[in-house]
Asks: 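The structure that follows is given in the form of structure tokens.
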Amino acid sequence: MGTTPQEITELDAGGHPVLLGAAVLHTLEKQLQPLKGVMPLVLGDHNTLQHCLPELLAHVPSLRGAATIAVEPGEGAKSLEVCQVIWNHLLDLAADRQALLVTLGGGVVTDLGGFVAATYKRGIRSINVPTTLMGMVDAAIGGKTGIDLAGVKNLIGAFHPPLGVYVHVPFLRTLGKRELLNGLAEMLKHGLVADAEHFEQIANAALHDLDALAPLIQRSAAIKAAVVRDDPRESGLRKVLNFGHSIGHGIEAHAWEGQGRALLHGEAIAIGMVAEAWLSWRMELLDREQCDRIAEVLLKLYPAHHLESSDNHRILELMRNDKKNADGGFRFTLLNAIGSARYDVPVTAAQVQEALEYYRLLVRK
Ligand SMILES: NC(=O)c1ccc[n+]([C@@H]2O[C@H](COP(=O)([O-])OP(=O)(O)OC[C@H]3O[C@@H](n4cnc5c(N)ncnc54)[C@H](O)[C@@H]3O)[C@@H](O)[C@H]2O)c1
Ligand SMILES: [Zn+2]
């Protein structure tokens, strides 16, 4: 990590850099100048093109002549049909292998755009400009790209690192509180698996204060970048980032099936983290005081999600479909302490049920 006089921090995420700081869009402009003659294209969704594109163009004149491609906001854009529309669009624009795709958006746009860039003419270059908190600390970093198929998230994808990720925190001004909390869940996870002080700082942060949030975003991006740098293909260490996600994914999928309000990913993994912190205690890895602290912080930030005991069976079934449990048993990432994780801990279905009961009773109180 290095800071230049322009107050730019550059993180090494293995296959690509992540740049942050007040002048980051200026740095992007400088990066684009040697690429003159290359056709830049900007992919966004209707919200990001409305809220963020004017500011991007104001700071990055090299993109002013760029063609823009807009998709509908939401997970639905991560589809083969939308890829086809974009591939055709690139063809109509006569984009060649030298073209550069700039993705301006949340995780949907960076996942989708990265995948289109990975596949169009066997791969063109891309640059990620995340506009959600989820994007800035997680989705835009690491080179994983993909789309959904047959209701399965991220079934089709490729590793395709961008040239760089440019994190401009002021883009978050127009993002709603629920979306901010969505990304904050991944930041809390970063603290839980790697940095106890970071966890407490986030727990005590004023969410609406972007100046206060900026250094925390930088720390979270640095944790994500360091983990993917050391394990770019998810063969080991990267699994620490799955904390909260085993039970969280089951709860997320279950909520989408139900009649009630669907949960955002971060809301579901916040529940997953409470349940998996309890499991960490149950397995005698984590002490009770820290387990209780985790529950206290998360329940204060995220709305209670009401579960019935009769939901456990279906949640377990959905967890079994999860690709991370390919060998039949569950393998969890659990905590040794706040700030320290271990992965591949075997967990039984009965223990998962107990953890779900613990959460259920906790929010009933
Ligand atoms: N590749 C990875 O490693 C990785 C990691 C985590 C998540 N993801 C993926 O990321 C996706 C979720 O990303 P997300 O949470 O950013 O959701 P998103 O991209 O759907 O964005 C959420 C909403 O916020 C809007 N929005 C974006 N920026 C805005 C801004 N600055 N102001 C106002 N509105 C804005 C969007 O239009 C959208 O409606 C999922 O598809 C998930 O699979 C990928
Ligand atoms: Zn996640």
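Order of appearance sets the numbers: ligands from 1, and atoms from 1 within every ligand.
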Asks: Note the single closest protein heavy atom to atom 4 (C) of ligand 1, along with its residue, its atom name and the distance in Å.
Replies: A139 CA, 3.4 Å
Asks: Just need the protein heavy atom nearest to atom 25 (C) of ligand 1, so name the residue and atom and give the distance.
Replies: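 Answer for atom 25 (C) of ligand 1: N47 ND2, 4.0 Å.
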Asks: Taking a cutoff of less than 4.0 Å between a non-hydrogen atom of the residue and any ligand atom, is C52 in contact with ligand 1?
Replies: yes
Asks: Give me the nearest non-hydrogen protein atom to atom 33 (C) of ligand 1 as residue plus atom name, then the distance to 0.1 Å.
Replies: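 Going atom by atom, the protein heavy atom closest to atom 33 (C) of ligand 1 ends up being T174 O, 3.3 Å.
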Asks: Please tell me if the side chains of V363 and L299 come closer than 4.5 Å, counting only heavy atoms from C-beta onward.
Replies: yes
Asks: Run N154 and K78 through side chain to side chain donor-acceptor pair (under 3.5 Å) and show every step you take.
Replies: CA-CA 8 Å; N154 305 320; K78 280 176 59 175; 2.6 Å; yes
Asks: With 2.8 Å as the limit, jot down which protein N, O or S atoms are around the Zn ion (ligand 2).
Replies: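 Within the sphere that stays under 2.8 Å of the Zn ion (ligand 2), the protein atoms of type N, O or S are E186 OE2, H245 NE2, H265 NE2.
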Asks: Taking K121 first and then D96, would you say they form a salt bridge - that is, a charged N and a carboxylate O separated by under 4.0 Å?
Replies: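 Salt bridge between K121 and D96, a charged N being under 4.0 Å from a carboxylate O: no.
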Asks: State whether K239 and E234 are salt-bridged, where the test is any N-O pair (Lys NZ or Arg NE/NH1/NH2 against Asp/Glu carboxylate O) under 4.0 Å.
Replies: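 No.
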Asks: Side chain to side chain contact (heavy atoms under 4.5 Å, CB included) with L335: which of L285, V240, L279, I294?
Replies: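 Result: among L285, V240, L279, I294, I294 is the only option passing the side chain to side chain contact (heavy atoms under 4.5 Å, CB included) with L335.
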Asks: Are R282 and E357 close enough for a salt bridge, meaning some N to O gap below 4.0 Å?
Replies: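 So R282 does not pair with E357 through a salt bridge.
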Asks: May I ask whether K224 places a heavy atom under 4.0 Å from ligand 1?
Replies: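 Distance cut 4.0 Å: K224 passes for ligand 1.
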Asks: Out of D45, V228, I147, who gets a non-hydrogen atom closest to atom 36 (C) of ligand 1?
Replies: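 Checking each option, the heavy atom nearest atom 36 (C) of ligand 1 is found in D45.
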Asks: Among protein heavy atoms, which lies nearest atom 20 (O) of ligand 1, and at what distance?
Replies: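 Going atom by atom, the protein heavy atom closest to atom 20 (O) of ligand 1 ends up being V108 CG2, 3.3 Å.
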Asks: With a 4.0 Å cut-off, would you call E317 and R314 a salt bridge?
Replies: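 Salt bridge between E317 and R314, a charged N being under 4.0 Å from a carboxylate O: yes.
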Asks: Answer yes or no: is there an ion pair linking E55 with R173, defined by an N-O contact shorter than 4.0 Å?
Replies: yes
Asks: Closest by any non-hydrogen atom to atom 43 (O) of ligand 1: pick that one out of K78, K144, H265.
Replies: K78
Asks: In the protein, which heavy atom is nearest to atom 24 (O) of ligand 1, and how far is it?
Replies: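 Ranking protein heavy atoms by distance from atom 24 (O) of ligand 1, first comes L175 CD1, 3.8 Å.
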Asks: Taking the six-membered ring of F159, is NZ or CZ of R233 closer than 6.0 Å to its centre and within 45° of its axis?
Replies: yes
Asks: Main chain of E276, side chain of S280: is a donor-acceptor contact present, judged purely on distance under 3.5 Å?
Replies: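 Indeed, once roles are kept as given, a pair shorter than 3.5 Å links the two residues.
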Asks: Check D148 with K153, please: is the shortest side-chain N to carboxylate O separation under 4.0 Å?
Replies: no
Asks: Parallel under 30°, tilted from 30 to 60°, perpendicular over 60°: which one fits the rings of W278 and Y358?
Replies: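 Judged by the thresholds at 30° and 60°, the geometry between W278 and Y358 is parallel.
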Asks: Give yes if a backbone or side-chain nitrogen or oxygen of D138 is under 3.5 Å from a nitrogen or oxygen of ligand 1, and no if not.
Replies: no
Asks: To check your reading of the model: name the closest protein heavy atom to atom 31 (N) of ligand 1, its residue, and the distance in Å.
Replies: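 Checked against all protein heavy atoms, atom 31 (N) of ligand 1 sits closest to F171 O, 2.9 Å.
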Asks: Quick one: nearest non-hydrogen protein atom to atom 21 (O) of ligand 1, plus distance?
Replies: T132 CG2, 3.6 Å
